[in-house]
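To keep things clear, I will list the structure first and then write my remarks on it.
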Amino acid sequence: MTILITGGAGFIGSNFIFYQRKAHPEDKLVCVDKLTYAGNLSTLKSVMDDPMFRFYRMDICDRESVYQIFETEKPDVVVNFAAESHVDRSIEDPCVFLQTNIIGTATLMDACRKYGVKRYHQVSTDEVYGDLPLDRPDLFFTEETPIHTSSPYSSSKAAADLLVMAYHRTYGFPATVSRCSNNYGPYHFPEKLIPLMIANCLNDKPLPVYGEGLNVRDWLYVEDHCKAIDLIIRKGRVGEVYNIGGHNEMRNIDIVKLICKELGKPESLITYVTDRKGHDLRYAIDPTKIHNELGWLPETKFTDGLHKTVQWYLDNRAWWEEIISGEYQTYYERMYGNR
Ligand code: NAD
Ligand code: TYD
């Protein structure tokens, strides 16, 4: 079959492409990506010449181009990773998030309906559930937890999820949605916590921890997320939402200290900076549904995953050094300069 993957030049989309090539070499993959600041064509170098892979530079909001590619490539399945994905940027400038994350999703679904795509999968986030209190470790997000967002990013993702479910109800649109916790691993853009701390450590720069560093995230190795999406598109039930996460809650400060330890850098690099506005306290996924229905379980232990990730950043300096030498510098100065 032919799978159209949007946002495949970004972090999770590219890892999904690599996983698909390995797990299902018989399937043809078509990647479309706008190549925003977060998309990097060099990430896809290893598959560019593969006859079972094709890349198009395209904005998912550009209806005419989207329809044209669907007409040419006739995808059976569409997996939508394309999004503006960074909470801090959404606080600075929400509108582009609404455009890509909501209008882009609607445009893709309209193309799927027009060209009879058999399955549309929306890659969403646990952030649509808002946050959980720090003093209630017994609480987790289930698929029934009400949508209750905090940031412009999570609001735009929640709006897209609601639209997907509305298309399913109204038109019988064959969609599934997954809501995953924080991912980490290779090709993670260095504006996010783990790669930013690794890059700063390697450059002996201060490690900017927001607030007191006590916020909790539920970390999942990216390949485990890719395996879960693969199961959902092949075996998941249409019209269903699946939470993805591996019961791996960590406080930010503990992650940063672990990275210092991995790299043999002093904890004196840690600098506490002004907190993020509206900062979500804790995310924690209950993955019972995907486990019971599809047999999915995370396979990578956090200590192993973090070790592999740190090693990847050590082995691939050129990839992230090129990123942080460009527009990223201006972003970094704006975000952290006077914090
Ligand atoms: P990313 O920012 O690394 O990559 C996003 C990709 O989408 C980039 O390649 C970018 O060029 C592309 N893109 C952006 N706007 C586009 C547009 N208008 N048209 C076409 N392409 C466009 O993001 P990521 O971390 O890989 O996240 C992928 C998806 O997974 C997102 O939908 C995100 O909400 C979701 N998600 C991410 C995490 C996480 O921890 N990173 C967790 C759960 C869910
Ligand atoms: P991030 O990687 O941006 O993911 P999200 O906000 O989507 O969970 O941030 C993860 C956590 O790390 C979040 O609580 C904010 C915190 N953080 C810092 O303390 N310092 C930083 O420089 C960054 C980027 C994040």
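Scope of the values below: all heavy atoms of this structure, side chains included, with no hydrogens, waters or symmetry mates. Just so you know, ligand 1 is whichever comes first in the structure, and atom 1 is the first atom listed for that ligand. Counting from 1, the numbers follow the sequence of the chain as shown.
In this structure Tyr272 satisfies the side chain to side chain contact (heavy atoms under 4.5 Å, CB included) test together with Val209, Ile253, Ile270, sequence neighbours excluded.
At the shortest separation from atom 8 (O) of ligand 2 among protein heavy atoms lies Arg217 NE, 2.7 Å. Nearest protein heavy-atom neighbour of atom 19 (O) of ligand 2: Tyr210 N, 2.9 Å. What sits closest to atom 20 (N) of ligand 2 on the protein, heavy atoms only, is Pro208 O, 2.8 Å.
The distance from ligand 2 to the heavy atoms of Glu191 drops below 4.0 Å at these ligand atoms: 24 (C). Each of the following atoms of ligand 2 lies closer than 4.0 Å to a heavy atom of Val209: 19 (O). Near Tyr283, the atoms of ligand 2 lying under 4.0 angstrom from a non-hydrogen atom of the residue are 8 (O).
Of the options Ile103, Val66, Val117, Val32, a side-chain contact (heavy atoms from CB on, under 4.5 Å) to Leu108 is made by Val66 and by none of the others.
With a 4.0 Å cut-off on non-hydrogen atoms, Asn182 touches ligand 2 through its side chain and not its backbone. When non-hydrogen atoms are compared, ligand 2 lies under 4.0 Å from the side chain of Tyr336 (C-beta onward) but not from its backbone.
Looking at Leu193 next to ligand 2, an N or O pair under 3.5 Å apart turns up. Inclusion of Asn252 in the set of residues having an N or O under 3.5 Å from an N or O of ligand 2 is warranted. Of the polar atoms of Val87, none of the N or O atoms is found under 3.5 Å from an N or O of ligand 2, judged by distance alone.
Judged purely by atom type and a 3.5 angstrom limit, Asp286 uses its side chain to pair as donor or acceptor with the backbone of Thr288. Distance alone, capped at 3.5 Å, places no donor-acceptor pair between the Asn101 side chain and the Lys157 backbone. For the pair Asn80 (side chain) and Gln122 (backbone), a donor-acceptor distance under 3.5 Å is absent.
For the pair Asp218 and Arg282, the salt-bridge criterion is not met [side-chain N within less than 4.0 Å of a carboxylate O]. Using a 4.0 Å cut-off between charged side-chain N and carboxylate O, Arg237 and Glu293 make a salt bridge. One finds a salt bridge joining Arg54 and Glu73 here, because a Lys/Arg side-chain nitrogen approaches an Asp/Glu carboxylate oxygen to under 4.0 Å. Between Asp230 and Arg234, at least one side-chain nitrogen of the basic residue sits less than 4.0 Å from a carboxylate oxygen of the acidic one, meeting the salt-bridge criterion.
In this pair, Phe81 and Phe16 present their aromatic rings tilted. The plane angle is within the 30 to 60° band.
When heavy-atom distances to ligand 1 are checked against 4.0 Å, the residues falling inside are Gly7, Ala9, Gly10, Phe11, Ile12, Asp33, Lys34, Leu35, Thr36, Ala38, Gly39, Met58, Asp59, Ile60, Phe81, Ala82, Ala83, Ser85, Thr100, Val123, Ser124, Thr125, Tyr153, Lys157, Cys180, Ser181, Asn182, Asn183, ordered by chain and number.
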I'd like to know whether Arg179 forms a salt bridge (charged side-chain N to carboxylate O under 4.0 Å, His left out) with Glu127, so could you lay out the CA-CA distance, the side-chain angles of the two residues, the decisive distance to 0.1 Å, and finally the verdict. CA-CA 8 Å; Arg179 298 184 178 140; Glu127 300 193 26; over 6 Å; no
Between Tyr120 and Val79, does a side chain to side chain contact (heavy atoms under 4.5 Å, CB included) hold up when you go through it step by step? CA-CA 6 Å; Tyr120 172 87; Val79 186; over 6 Å; no
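Compare His279, Met335, Lys192 by their heavy atoms: the one nearest to atom 13 (C) of ligand 2 is in His279. For atom 7 (O) of ligand 2, the candidate residues are Arg276, His86, Glu127; the nearest heavy-atom contact is made by Glu127.
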